[in-house]
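Quick notes on the structure that follows.
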Amino acid sequence: MEIKQPVTETDYWEAIEGLGGFIWSTNHGLSHGRIEDPDGEISKAIKEAGELSVRFLKEISEKFGIIPPNDYPKVEQGQTLPPAPEGKTYYWDWYKKMKHDCYQRDYDGIICSACPFSEGVERMIDLGGVIPCSVFRGMIYHLRAPYECGMLTNWKREELYQKILNKSDNEVLLKFQNKEKELKEKLTKVPQ
């Protein structure tokens, strides 16, 4: 398994999260017989992913002062941990903050962040990255383009704008249209 060496805290979080997802889903597939591993290559990849995740945990501990769960102070069942030492952060506190920050970045980068039909970034986090649209029946995993509402497969653009007006007001519609324009320009801007 080859993963680009993380540099930033965000890179590390995304790598650790991706490795954890790979390990969980692959183990799940193996245990339910949806994946077969006659030559042991898949089990080997799972083991390597776990080792890489442990290595990344060691690296973030050293680089960013993250305290791994195995190094937490011992407390009685039901007791809370003491505050982390100055300049240090407990792993699960770091993990939750990074998860929120990464999902917030992703959410801010799609049109839904300006839509009155969106249930917000917290709902997106709860759904594991699914777009939190209160109008769409089902799940939207990705938009065709970050500036294009998923409902445009069912509605014409003018109909979408009218529904936004019916739900809110002209100010919200203008915010939505400005976000569409901003995201489209950002996507089509050629790097210098």
Side-chain angles (χ1 to χ4, degrees), residues 1-4 6-37 42 45-46 49 53 94-192:
M1 171 169 286
E2 194 171 320
I3 289 189
K4 184 179 156 192
V7 176
T8 66
E9 284 185 81
T10 300
D11 294 342
Y12 276 99
W13 184 84
E14 289 175 338
I16 290 168
E17 185 75 354
L19 289 165
F22 166 76
I23 292 166
W24 183 89
S25 65
T26 307
N27 273 327
H28 188 73
L30 284 169
S31 70
H32 285 84
R34 289 189 287 274
I35 299 173
E36 294 181 10
D37 189 20
I42 294 173
I46 292 170
S53 190
W94 172 81
Y95 177 89
K96 289 176 200 166
K97 179 192 177 305
M98 293 305 298
K99 181 176 185 174
H100 187 276
D101 291 352
C102 289
Y103 275 92
Q104 186 72 59
R105 178 202 62 208
D106 293 347
Y107 184 72
D108 290 344
I110 59 175
I111 190 60
C112 309
S113 63
C115 182
F117 297 112
S118 174
E119 296 175 323
V121 70
E122 296 303 327
R123 182 71 176 132
M124 187 176 185
I125 293 169
D126 291 344
L127 294 170
V130 173
I131 295 171
C133 182
S134 65
V135 178
F136 185 78
R137 293 179 189 254
M139 296 184 167
I140 303 174
Y141 291 94
H142 299 285
L143 299 175
R144 283 188 294 217
Y147 56 85
E148 194 164 287
C149 172
M151 291 307 295
L152 290 176
T153 58
N154 300 331
W155 299 336
K156 293 184 180 349
R157 189 169 305 278
E158 297 73 31
E159 188 178 2
L160 169 64
Y161 292 161
Q162 187 58 54
K163 289 183 183 287
I164 290 172
L165 273 175
N166 294 346
K167 169 97 173 146
S168 54
D169 59 31
N170 199 48
E171 188 176 321
V172 172
L173 176 59
L174 288 174
K175 178 183 168 193
F176 182 89
Q177 290 171 324
N178 286 335
K179 185 75 173 190
E180 277 181 314
K181 183 179 176 193
E182 169 197 326
L183 291 171
K184 191 171 192 175
E185 286 173 356
K186 188 176 180 180
L187 191 67
T188 57
K189 189 181 248 183
V190 177
Q192 303 285 326

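Bear in mind the structure is a predicted one, so any value in this text is a computation, not a measurement.
Side chain of His32 to main chain of His28: a donor-acceptor pair is present (N/O by atom type, distance under 3.5 Å, no hydrogens or angles). Counting only distance, with no hydrogens or angles, the side chain of Ser168 and the backbone of Ile164 share a donor-acceptor pair below 3.5 Å.
Under the side chain to side chain donor-acceptor pair (under 3.5 Å) criterion, Thr8 pairs with Asp11, sequence neighbours left out. Taking Asp108 as the reference, Gln104 meet the side chain to side chain donor-acceptor pair (under 3.5 Å) condition, with sequence neighbours excluded. Residues forming a side chain to side chain donor-acceptor pair (under 3.5 Å) with Lys99 (at least two apart in sequence, or on another chain): none. Applying the side chain to side chain donor-acceptor pair (under 3.5 Å) criterion to Glu159, with sequence neighbours excluded, gives no partner residue.
With respect to the salt-bridge test (charged N to carboxylate O, under 4.0 angstrom), the residues Arg157 and Glu180 qualify.
Of all the heavy atoms in Leu187 and Pro146, the pair that sits closest is CD2-CD, 4.0 Å. Closest approach of Cys112 to Leu143, counting heavy atoms only: SG-CD1, 4.1 Å. Residues Lys175 and Ser113 share a closest heavy-atom pair of NZ-O, 4.4 Å. Between Lys167 and Phe117, the shortest heavy-atom distance links the atoms CD-CE2, 3.6 Å. Nearest heavy atom pair, residue Leu152 against residue Leu160, reads CD2-CD2, 4.0 Å. Between Ala45 and Phe22, the closest heavy-atom pair is O-CE2, 3.8 Å.
Side-chain contact between Val121 and His100 is present, with heavy atoms from C-beta onward closer than 4.5 Å. Two residues are said to be in side-chain contact when any heavy atoms from C-beta on lie closer than 4.5 Å; Tyr141 and Ile131 fail this criterion. Between Arg105 and Thr10 there is a side-chain heavy-atom pair separated by less than 4.5 Å. Two residues are said to be in side-chain contact when any heavy atoms from C-beta on lie closer than 4.5 Å; Lys186 and Tyr147 fail this criterion. Tyr12 has its side chain out of reach of Met98: every pair of non-hydrogen atoms, C-beta onward, lies at least 4.5 Å apart.
The line from CD of Glu119 to CG of Asp126 is 10.0 Å long, rounded to the nearest 0.5 Å. Annotation: the span from Leu19 atom CG to Ile46 atom CD1 amounts to 12.0 Å, rounded to 0.5 Å. Note that CG of Leu127 is 11.0 Å distant from SG of Cys133, once rounded to the nearest 0.5 Å. The distance from atom CZ of Arg123 to atom OH of Tyr103, rounded to the nearest 0.5 Å, is 12.5 Å. Taking CD of Gln162 as the reference point, atom CG of Leu173 lies at 9.0 Å (rounded to 0.5 Å). Separating the CZ atom in Phe136 from the CG atom in Asn154 is a distance of 7.0 Å, to the nearest 0.5 Å.
Using modelled atom types, one finds a donor on one side chain and an acceptor on the other under 3.5 Å when comparing Glu17 with Tyr95.
Within the structure, the side chain to side chain donor-acceptor pair (under 3.5 Å) test picks out no pair touching residues 127-136 (sequence neighbours left out). Applying the salt bridge (charged side-chain N to carboxylate O under 4.0 Å, His left out) test to pairs two or more places apart or on separate chains, none has a residue in residues 22-36.
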Practice prompt. Evaluate side-chain contact (heavy atoms from CB on, under 4.5 Å) for Asn170 paired with Leu174, printing each intermediate quantity in order.
Written response: CA-CA 6 Å; Asn170 199 48; Leu174 288 174; 3.9 Å; yes
